[in-house]
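Every chain is numbered from 1 and lettered A, B, ... according to where its sequence line falls, protein lines coming before strand lines.
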2 protein chains.
Amino acid sequence: MFQQFKNTFQLDTDKWDDYTSCFKRMEAPAKTILLNEGEVSKRMFLIEKGCIRVWFNGNGKDITCQFFLENETVGSIESFRKNIPSPTNIETIEPSILWWIHKRDLDRIIEEIKENPHLRDMFIDKIFDRTFNYMKYFFSMVRDTPQMRYLNLLKERPEIVKRVPQHYIASYLGISTVHLSRIKSKILKK
Amino acid sequence: MFQQFKNTFQLDTDKWDDYTSCFKRMEAPAKTILLNEGEVSKRMFLIEKGCIRVWFNGNGKDITCQFFLENETVGSIESFRKNIPSPTNIETIEPSILWWIHKRDLDRIIEEIKENPHLRDMFIDKIFDRTFNYMKYFFSMVRDTPQMRYLNLLKERPEIVKRVPQHYIASYLGISTVHLSRIKSKILKK
DNA sequence: CTTCAGCAATAACATTTGTTATCAAATCTA
DNA sequence: TAGATTTGATAACAAATGTTATTGCTGAAG
């Protein structure tokens, strides 16, 4: 599972083994809640197999705000960073195989890599990437019509559209399931 | 102008003078473009007096995505970080007094402070804060009605609502000026 | 095999929001 | 001060989007 990332990090084998051994394997059926809204996050997850969504309760409605697939990491970074209750839930959509790491171990690793210029910059880059991503979501939300957002998702993350039930996609796009259905049928007719 | 920030950074006076002397003062009338969409950003601005908006051309429409007031810094961080053309314009709304720093100087300062654990963590915190902010905007966009977003802006940044022309506010909220007008009159009637 | 829950499409109707146009007040400028 | 520009409110109509209800399909559980 971890071998594929090894080159990226350029760590000597001891450190590498130390870090990777912090991860524990687990399996979770579909619809397993990995983190509850309001709970302080203690774990981060790496997905070996499966599909996960992040969602929150927005004025009574279940609103999905992110999707994750294989080889991606999931965690409530706000909760992690500031030790505050998570504003979101993390939940499997498909039966999944995950590797998780405890916050205390991850914190230790982060403290260590901050002393290494190469890794430190990678870390900072990662945070920036997250910022840019949220920026893009936000921009797209004010700029694009729902149809444009759907087409964009289809183009950028076709796997998501294939594997994720439509009502999650709809709430991610900020529209009703009915409207998403209409958009799809409109596109088909062209 | 800079004195107020000095304690936060805990730098010795030499360094402090070195860093602050990189900033140049300038005055700009209302509607001055400080950075053009498509241009690679070379400057970051600190606002002493005035009001600035960040906007972009979204399918032909002028869409405002951020506002800045006194003592805040403005720059296209994506353009800065990756040396790519800025996706946004930066423009004064009111006549403003600004302090700007060249990217080359800022880059040098950032490289230096990354060696200082205290400042490095402050820097990383700053990036995280930006991420959290965009997250909040994004969440609010999918979760809240325009009226809720307006009330929220009124609560969180009343200065903005007072000082910024309504059509900028409307585009920031993702609605038309007419609709914003309707929302305001609806609120008044209660 | 049967049953049931989850999922998706569609229709009918209601509500929200956008567009265009008009007017009035405020502000800036020559 | 007179004229232009910016700003904001409102009305009338059009388009987009939500809500509710119905139907049929599929796959999992018993």
Side-chain angles (χ1 to χ4, degrees), chain A residues 27-33 50-51 53 55 58-64 67 91-96 140-154 160-190, chain B residues 28-33 50-51 53 55 58-64 67 91-96 140-151 153-154 160-190:
Chain A
E27 303 194 7
K31 305 209 178 194
T32 306
I33 302 270
C51 176
R53 75 185 179 109
W55 64 279
N59 311 314
K61 273 186 225 161
D62 171 328
I63 299 178
T64 299
F67 298 108
E91 182 181 341
T92 56
I93 294 178
E94 304 172 355
S96 304
S140 167
M141 225 53 201
V142 262
R143 179 190 48 211
D144 303 332
T145 61
Q147 173 160 339
M148 288 164 83
R149 293 203 295 277
Y150 176 70
L151 287 171
N152 192 53
L153 184 66
L154 207 52
I160 296 291
V161 182
K162 266 185 228 149
R163 287 165 63 177
V164 172
Q166 196 156 306
H167 55 280
Y168 296 148
I169 306 268
S171 91
Y172 175 78
L173 296 173
I175 60 178
S176 67
T177 55
V178 176
H179 193 49
L180 178 51
S181 231
R182 282 195 280 242
I183 287 171
K184 286 176 70 175
S185 77
K186 199 163 92 185
I187 293 171
L188 268 184
K189 277 174 200 153
K190 287 180 183 169
Chain B
K31 303 209 180 196
T32 306
I33 301 271
C51 176
R53 74 185 181 111
W55 63 279
N59 311 313
K61 272 187 226 161
D62 170 329
I63 298 177
T64 299
F67 299 107
E91 183 182 341
T92 55
I93 294 178
E94 302 172 356
S96 304
S140 166
M141 225 51 201
V142 264
R143 178 191 46 209
D144 302 334
T145 62
Q147 171 161 342
M148 287 164 83
R149 292 203 295 280
Y150 175 69
L151 287 171
L153 184 66
L154 207 52
I160 295 292
V161 182
K162 266 185 227 149
R163 287 165 63 175
V164 172
Q166 197 157 307
H167 56 281
Y168 296 147
I169 306 268
S171 92
Y172 174 78
L173 297 174
I175 60 180
S176 67
T177 56
V178 177
H179 193 51
L180 178 51
S181 233
R182 283 196 278 240
I183 287 171
K184 285 175 70 175
S185 78
K186 198 163 93 185
I187 293 172
L188 267 184
K189 277 174 200 151
K190 285 177 185 170

Could you tell me whether the phosphate oxygens of [N], OP1 or OP2, come under 4.0 Å of any side-chain nitrogen or oxygen in [X]?
X: B/K184; N: D/dG8; result: no
X: A/H167; N: C/dG6; result: no
X: A/Q166; N: C/dA9; result: yes

For the side chain of [X], counting heavy atoms from C-beta on, which of [options] is nearest?
X: B/V178; options: D/dT19, C/dC7, C/dA21; answer: C/dA21
X: A/R182; options: C/dA8, D/dT17, D/dT10; answer: D/dT17
X: A/P165; options: C/dA8, D/dG18, C/dT10; answer: C/dA8
X: B/S181; options: D/dA9, C/dG18, D/dA11; answer: D/dA9

Whole-Å distance between [N] [atom2] and [X] [atom1]?
X: B/H179; N: D/dT10; atom1: NE2; atom2: C1'; value: 15 Å
X: B/K31; N: C/dC28; atom1: NZ; atom2: P; value: 12 Å
X: B/I183; N: C/dT16; atom1: CD1; atom2: C1'; value: 10 Å
X: A/M148; N: D/dA16; atom1: CE; atom2: P; value: 14 Å
X: A/D144; N: D/dA16; atom1: CG; atom2: P; value: 16 Å
X: A/I175; N: C/dA8; atom1: CD1; atom2: P; value: 13 Å
X: A/R163; N: D/dG27; atom1: CZ; atom2: P; value: 17 Å
X: A/E91; N: C/dG6; atom1: CD; atom2: P; value: 12 Å

4.5 Å side-chain heavy-atom contact, [X] and [Y]:
X: B/V161; Y: B/Y150; value: yes
X: A/I160; Y: A/Y172; value: no
X: A/Q166; Y: A/L180; value: yes

Inset, instruction - Name the nucleic acid region contacted by B/L180, choosing base, sugar-phosphate or nothing; use a 4.0 angstrom heavy-atom cut-off, strictly under. - result: nothing
Inset, instruction - Among A/R163, A/K31, A/K162, A/R53, find the residue that satisfies the salt bridge (Lys or Arg N to Asp or Glu O under 4.0 Å) test when tested with A/E94. - result: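 Looking at A/R163, A/K31, A/K162, A/R53, the match for A/E94 under the salt bridge (Lys or Arg N to Asp or Glu O under 4.0 Å) is A/R163.
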Legend entry - Side-chain (A/R143) to main-chain (B/K61) donor-acceptor, under 3.5 angstrom: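 Answer holds: no.
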